[in-house]
Protein chains: 2
Amino acid sequence: MNEGFLANCLFFTANRLSRSVTKIAEEQFAATGLSPMYGYLILLVNGTPGITQKELAEALYVTPSTLTRFIDKLEAKRLVERKVHGKTVQVYSTDKGMELEDTIRQASKNLQSRYREILGEESKQSLNGEIKSASEKLEKK
Amino acid sequence: MNEGFLANCLFFTANRLSRSVTKIAEEQFAATGLSPMYGYLILLVNGTPGITQKELAEALYVTPSTLTRFIDKLEAKRLVERKVHGKTVQVYSTDKGMELEDTIRQASKNLQSRYREILGEESKQSLNGEIKSASEKLEKK
DNA sequence: ATTTATATATTGTATGTACAAACAAAATAA
DNA sequence: TTATTTTGTTTGTACATACAATATATAAAT
């Protein structure tokens with residue numbers, strides 16, 4: 001049972017990557033006062049007024065219940081607002097949310113540069129591609 | 001603002017992968033009655049009696065505070081036990097923990113096969129390698 | 001020997017996230 | 001039309017995980 005044998009187990013490597021990637025994203029988004037997840041959520045809402053929660057959940061790769069919680073928080077901060085429409089909920093941006101647009105876009109740009117800076121354009125791309133295709137296969141069961 | 005633009009952001013792809021990988025790991029570890037994290041923790045303790053919490057935290061890529069919580073839980077279930085030794089804490093396995101060894105090893109094997117089955121040996125390897133090297137770079141800041 | 005620094009572990013607190021169950025609205029079948 | 005199924009959302013609950021602050025113990029410096 002050598003230590004470090006976990007370094008080759010996808011369960012650990014994937015979680016490890018997720019944490020380091022998230023950490024850097026949080027640093028770059030600090031300027032916005034939002035976590036990256038909420039930042040991107042706002043970009044989506046600003047750019048697609050009336051987007052439904054279901055669509056948001058899919059775009060952000062989180063479950064509907066998680067998305068409900070996110071919208072709860074952003075609505076409490078008056079950064080987005082709900083409009084119930086039958087059984088679906090459409091989400092709209094607010095003035096306050098719109099004001100953040102540029103700041104968030106900039107953070108997003110900075111973040112991408114940071115990744116490129118650290119990993120190199122080359123391997124950033126290929127990493128992303130491999131991850132994407134792996135996720136698809138894994139989700140398909 | 002096209003939807004799906006997040007599919008190329010490492011922040012999302014990495015988190016997505018982490019969730020799908022974790023889900024499959026949980027399925028394969030269901031037979032042990034433990035989550036994969038706790039399962040591997042027990043393997044480490046069984047295989048390295050007296051390993052310190054600091055070492056465990058490093059091997060498992062979690063913070064010391066998180067590890068404290070894990071050990072709390074496993075100790076409550078009598079699957080490991082602490083022995084305080086000065087300022088460090090050494091962790092030892094119990095009979096009950098030892099009894100689980102084979103089951104957990106088997107789950108781990110099954111898990112690796114499952115990954116191989118879904119991704120193919122080839123891309124499982126390369127994915128792992130790219131992830132590992134990326135994590136190292138990202139952690140280095 | 002006393003003070004200061006360093007390292008390890010723990011606790012308080014907070015966040016992200018999921019699953020299962022409940023609920024409500026809409027679509028389909030009878 | 002009424003009954004049934006499906007779909008979108010929400011709520012209750014639980015877990016993993018982190019960070020910052022604290023406690024405690026050893027090591028180093030004076």
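The figures here come from the full heavy-atom set of this structure, side chains too, leaving out hydrogens, waters and symmetry mates. Bear in mind that the values here come from a model prediction, so they are computed numbers and not experimental data. All chains are named by letter (A, B, ...) in the order of the sequence lines, taking the proteins before the strands, and each is independently numbered beginning at 1.
From the 5' end on, the contacts that DNA chain C makes with chain A at under 4.0 Å to a non-hydrogen atom open and close at C:dG16 to C:dA26.
Applying the salt bridge (charged side-chain N to carboxylate O under 4.0 Å, His left out) definition to pairs two or more places apart or across chains, those involving residues 82-91 of chain B are B:Asp72-B:Arg82, B:Glu75-B:Arg82. Identified under the salt bridge (charged side-chain N to carboxylate O under 4.0 Å, His left out) test for residues 10-20 of chain B, with sequence neighbours left out: A:Glu139-B:Arg16. Among residue pairs with one or both ends in residues 119-133 of chain B, those qualifying as salt bridge (charged side-chain N to carboxylate O under 4.0 Å, His left out) are B:Arg116-B:Glu121; sequence neighbours excluded. Applying the ring-ring contact (aromatic ring centres under 6.0 Å, His included) rule to pairs touching residues 90-134 of chain B yields nothing, sequence neighbours excluded.
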N/O donor to acceptor pairs below 3.5 angstrom from side-chain atoms of residues 28-43 of chain A, sequence neighbours left out:
unit_1  : atom_1 : unit_2   : atom_2 : d
A:Thr32 : OG1    : A:Phe29  : O      : 2.6
A:Thr32 : OG1    : A:Leu34  : N      : 3.0
A:Thr32 : OG1    : A:Leu34  : O      : 3.3
A:Tyr40 : OH     : A:Ser108 : OG     : 3.1

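For A:Lys77, the side-chain hydrogen bond (donor to acceptor under 3.5 Å, both in side chains) criterion is met by no residue, not counting sequence neighbours. Contacts of B:Ser133 classified as side-chain hydrogen bond (donor to acceptor under 3.5 Å, both in side chains), with partners at least two apart in sequence or in another chain: none. Not counting sequence neighbours, the partners of B:Glu117 by the side-chain hydrogen bond (donor to acceptor under 3.5 Å, both in side chains) test are B:Arg114. Residues forming a side-chain hydrogen bond (donor to acceptor under 3.5 Å, both in side chains) with A:Ser135 (at least two apart in sequence, or on another chain): none.
Defined by atom type and a distance below 3.5 Å, a donor-acceptor pair is present between the side-chain atoms of B:Asn110 and B:Gln106.
Near-neighbour residues of DNA chain C inside residues 79-87 of chain A, defined by a heavy atom below 4.0 Å, number-ordered: A:Gly86, A:Lys87.
Atom CG in A:Leu56 sits roughly 11 Å away from atom P in D:dT10 (whole-Å rounding).
In this structure, A:Gln90 does not reach the D:dG8 phosphate: none of its side-chain N or O atoms is under 4.0 Å from OP1 or OP2.
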Checklist outcome for this item: Its contact letters, B for base, S for sugar-phosphate only and - for none at protein heavy atoms under 4.0 Å, make nucleotides 13-19 of chain D read B--SSBB
